[in-house]
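The next block holds one structure in the form of structure tokens; read it before the comments.
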Protein chains: 2
Amino acid sequence: MTEPVSPHADVPPTAALLPVTVDVVALTVRDDALHVLLVERGVDPYRGALALPGGFVLPGERLAQAARRELAEETGVRPPGHLEQLRTYGPLDRDPRGPVLSVAYLLLAPEFGVVHAGSDAGGAAWHPVEPLLPAAPGPSAGPGVPTASGDPAPSGGLAFDHARILADGVERARAKLEYSALATAFCPPEFTVADLRRVYEAVWGVRLDPRNFSRKATTTPGFLAETGRTTSGGTGRPATLYRAAPNPASLPTTVPAQGATPGSAADPDDAPASVPAVLDPPLMRPRR
Amino acid sequence: MTEPVSPHADVPPTAALLPVTVDVVALTVRDDALHVLLVERGVDPYRGALALPGGFVLPGERLAQAARRELAEETGVRPPGHLEQLRTYGPLDRDPRGPVLSVAYLLLAPEFGVVHAGSDAGGAAWHPVEPLLPAAPGPSAGPGVPTASGDPAPSGGLAFDHARILADGVERARAKLEYSALATAFCPPEFTVADLRRVYEAVWGVRLDPRNFSRKATTTPGFLAETGRTTSGGTGRPATLYRAAPNPASLPTTVPAQGATPGSAADPDDAPASVPAVLDPPLMRPRR
DNA sequence: ATAATAGTGTCTTTTAGACAATATTGT
DNA sequence: ACAATATTGTCTAAAAGACACTATTAT
């Protein structure tokens with residue numbers, strides 16, 4: 001029998017002990033545009049500013065678990081979709097309270113309704129990402145965000161370094177659509193080829209030829225599985241309904257967990273589950 | 001004047017305070033094979049086992065800074081090459097000492113000599129990666145590592161979860177060669193097309209046609225810059241010497257730092273520096 | 001019938017891959 | 001001259017893209 005050991009028993013005394021937050025870049029496609037889930041901060045620092053949903057990791061908690069908990073607390077629902085780790089920021093010069101490490105997660109999900117206004121944050125809501133991203137180069141485009149004067153937010157109108165984290169999340173999402181089947185994560189369980197095309201168009205900000213797209217999507221192995229059913233009611237010819245193909249030749253996910261709590265074992269969100277045989281050709285490519 | 005504030009002043013008391021390590025997957029190409037830098041652990045846990053170089057982040061230290069410090073301490077030299085963040089592991093079920101967060105970094109570098117045997121680790125040395133990776137699927141290949149019996153190492157003969165981290169690093173490296181110009185990070189400042197081809201061949205484990213490769217490499221914009229010089233002395237026709245092209249249309253690296261220590265400002269290693277216009281075509285592709 | 005969207009056929013352009021042929025060096 | 005490696009040229013095959021045309025529904 002081992003007594004409940006105090007954490008960090010044998011860690012060298014010179015090691016830093018850092019508070020760790022998780023922040024979630026939750027993306028969805030809504031009205032043919034990419035949207036991100038943001039909360040209005042109800043506490044300092046950055047009280048009143050928009051921020052990514054997130055918060056501190058609790059003792060004994062896993063990172064992905066913390067991400068899902070924060071998301072649930074701040075939306076009132078348990079969000080669907082694909083959750084994966086994005087990257088880690090900090091610990092210096094990003095939080096006025098002092099050194100804080102932040103592990104960002106990326107959620108790609110079909111639009112889900114936001115119910116609840118959390119305790120320390122005004123309700124969460126979907127916001128179009130485009131005005132929050134750094135202006136594209138080339139011919140100087142429209143005005144960014146008016147940046148309400150007096151606002152302490154450093155960039156893009158978001159608290160902390162969240163504008164940068166958002167930009168990184170969007171870039172990751174754009175890249176993943178190209179060489180993985182993850183576009184389906186933005187769709188409900190059953191969807192049409194046109195739904196899927198609108199995901200690519202919104203995330204990449206391009207127009208794709210519906211005819212060539214249809215052929216490419218339906219003939220790419222491991223991408224779509226026919227349900228046998230079709231849409232009805234809308235105008236025009238009914239469309240075939242698909243769902244995401246079941247784990248296409250998934251890579252053997254190294255290290256399946258070892259001596260851990262069996263059941264909450266190795267974080268499935270952290271295992272690049274049905275992810276990308278790297279050396280396969282891209283699934284989809286934007287127009288040249 | 002602000003007094004030196006105690007760290008974590010206003011952090012909620014329920015937040016976990018975690019020790020954080022950095023671990024570095026340092027890869028190089030040596031004798032036409034991908035190698036990783038490993039140290040033999042001189043202290044518990046996993047004393048005597050091979051491990052990735054790394055250690056605890058110190059108070060006031062940045063992540064990439066800690067990665068470079070550990071690397072320097074354990075090799076005796078300041079390694080060249082491209083350093084980028086890989087991903088974050090933990091904090092549960094990965095260190096017998098208790099919950100520890102580990103932020104892994106990836107270094108892609110030309111082979112550099114290892115000088116020094118650090119204090120808490122036997123000397124660092126290059127090891128071929130192939131026997132350390134999980135057996136590829138398909139027809140069951142050769143025997144992995146004999147796994148010296150009595151060794152507490154969980155997998156691949158490496159301490160902690162380092163076999164998994166290594167696998168993730170190799171996968172990242174393989175992917176990056178495909179759509180970025182990072183293969184040059186494995187080369188010395190001046191190199192030939194053949195040198196570069198051997199990088200691809202070693203990392204991907206394939207053979208590439210030297211003639212088609214040469215054309216592709218030299219005609220891809222933003223990849224190579226001619227030095228005007230050529231090799232000499234070797235057998236055969238002298239080859240043109242190239243260096244990596246200077247930042248090809250680099251993306252505007254969001255958030256250039258704000259109120260930080262000017263000089264050690266925003267970590268350049270953490271900024272995806274000259275990284276991949278995502279929507280560009282891949283630079284190179286492995287054979288089908 | 002008309003409008004609207006879904007999906008197929010076919011041609012053109014681009015890119016990748018195979019491989020002959022030429023170029024330039026050391027021995 | 002011969003061996004060895006570098007580099008260019010040319011043809012073929014595969015993939016991407018443009019776009020006419022057919023299919024199937026609602027009104």
Side-chain angles (χ1 to χ4, degrees), chain A residues 32 177-179 183 187 190-201 204-243 277-288, chain B residues 32 177-179 183 187 190-201 204-243 277-288:
Chain A
D32 292 332
L177 290 212
E178 191 167 328
Y179 57 85
C187 295
E190 300 196 349
F191 53 88
T192 67
V193 171
D195 293 334
L196 190 64
R197 175 171 46 83
R198 281 182 215 108
V199 167
Y200 281 90
E201 292 180 329
W204 283 347
V206 299
R207 302 289 286 175
L208 299 173
D209 185 296
R211 299 160 292 183
N212 292 334
F213 182 92
S214 173
R215 189 185 0 252
K216 185 71 184 293
T218 55
T219 63
T220 297
F223 196 10
L224 299 183
E226 221 163 323
T227 63
R229 308 197 301 119
T230 62
T231 55
S232 65
T235 173
R237 173 175 166 179
T240 307
L241 280 168
Y242 296 88
R243 64 169 57 93
V278 162
L279 301 185
D280 286 348
L283 273 190
M284 285 287 168
R285 308 228 79 237
R287 196 175 332 187
R288 310 296 154 93
Chain B
D32 293 334
L177 290 212
E178 191 167 329
Y179 57 84
C187 296
E190 298 196 349
F191 53 89
T192 67
V193 171
D195 293 334
L196 191 64
R197 175 171 47 82
R198 282 183 214 106
V199 168
Y200 280 91
E201 292 180 331
W204 284 346
V206 299
R207 302 290 286 176
L208 298 173
D209 185 292
R211 300 162 291 185
N212 292 334
F213 182 92
S214 173
R215 190 188 355 255
K216 186 70 185 292
T218 55
T219 63
T220 298
F223 196 11
L224 299 183
E226 221 161 324
T227 63
R229 308 199 301 118
T230 62
T231 56
S232 66
T235 173
R237 170 175 168 179
T240 307
L241 280 168
Y242 296 88
R243 64 169 55 94
V278 161
L279 301 185
D280 286 346
L283 275 189
M284 285 288 167
R285 310 229 76 237
R287 198 173 330 185
R288 311 293 157 94

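Convention: sequence-line order gives letters A, B, ...; per-chain numbering from 1. On a predicted model such as this, the values are computed, not experimentally measured, just so you know.
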Write down the atom of [X], the atom of [Y], and the distance for their closest heavy-atom approach.
X       : Y       : answer
N212(A) : R215(A) : OD1-NH2, 3.0 Å
L208(B) : V206(B) : CD2-CG2, 3.9 Å
C187(B) : V199(B) : SG-CG2, 3.9 Å

### Task
Compute the angle between the rotation axes at the two ends of the helix from dA1(C)-dT27(D) to dT27(C)-dA1(D), each taken over five pairs, rounded to 10 degrees.
10°
Would you mind reading off the distance between [X] atom [atom1] and [N] atom [atom2], rounded to a whole angstrom?
X       : N       : atom1 : atom2 : result
K216(B) : dA18(C) : NZ    : C1'   : 16 Å
D209(B) : dA20(C) : CG    : C1'   : 12 Å
F213(B) : dA18(C) : CZ    : C1'   : 17 Å
R207(A) : dA18(D) : CZ    : P     : 13 Å
L241(A) : dA6(C)  : CG    : P     : 11 Å

### Query
What about R211(B), does its side chain sit under 3.5 Å from the base of dA20(C) through a donor-acceptor pair?
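Answer is yes: a donor-acceptor pair is held.
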### Query
With S214(B), which residues qualify under side-chain hydrogen bond (donor to acceptor under 3.5 Å, both in side chains), at least two apart?
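side-chain hydrogen bond (donor to acceptor under 3.5 Å, both in side chains) list for S214(B), sorted by chain: empty.
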### Query
How would you label the contact of T218(B) with the nucleic acid (heavy atoms, under 4.0 Å): base, sugar-phosphate, or nothing?
nothing
### Query
Contact class for T192(A) (heavy atom, under 4.0 Å): base, sugar-phosphate, or nothing?
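No contact.
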### Query
Side chains of L196(A) and F223(A): closer than 4.5 Å at any heavy-atom pair?
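The answer is yes, as the side chains (C-beta and beyond) meet within the 4.5 Å cut-off.
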#### Entry: Reported CZ-to-OG1 distance for the pair F191(B) and T227(B), which is rounded to 0.5 angstrom
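Here the interatomic distance stands at 9.5 Å.
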### Task
Measure the spacing between NZ of K216(A) and CZ of R197(A) and express it to the nearest 0.5 Å.
15.0 Å
Go through [options] for me and flag the one nearest to the [X] side chain.
X       : options                  : answer
R215(A) : dA16(C), dT10(C), dG9(D) : dT10(C)
N212(A) : dG7(C), dA18(D), dA21(C) : dA18(D)
R197(A) : dA18(D), dG7(C), dA6(C)  : dA6(C)

### Task
Could you pull out all residues at least two apart from Y200(A) that satisfy ring-ring contact (aromatic ring centres under 6.0 Å, His included)?
W204(A), F213(A)
Which protein N or O atoms sit under 3.5 Å from an N or O of nucleotides 23-27 of chain C?
| unit_1 | atom_1 | unit_2 | atom_2 | d |
| --- | --- | --- | --- | --- |
| dA23(C) | O4' | R237(B) | NH1 | 3.4 |
| dA23(C) | N3 | R237(B) | NH1 | 3.3 |
| dT24(C) | O2 | R237(B) | N | 3.3 |

When the side chains of residues 234-243 of chain A are checked against the rest of the protein, which donor-acceptor pairs come out under 3.5 Å, sequence neighbours left out?
| unit_1 | atom_1 | unit_2 | atom_2 | d |
| --- | --- | --- | --- | --- |
| R243(A) | NH2 | E190(A) | OE2 | 3.0 |

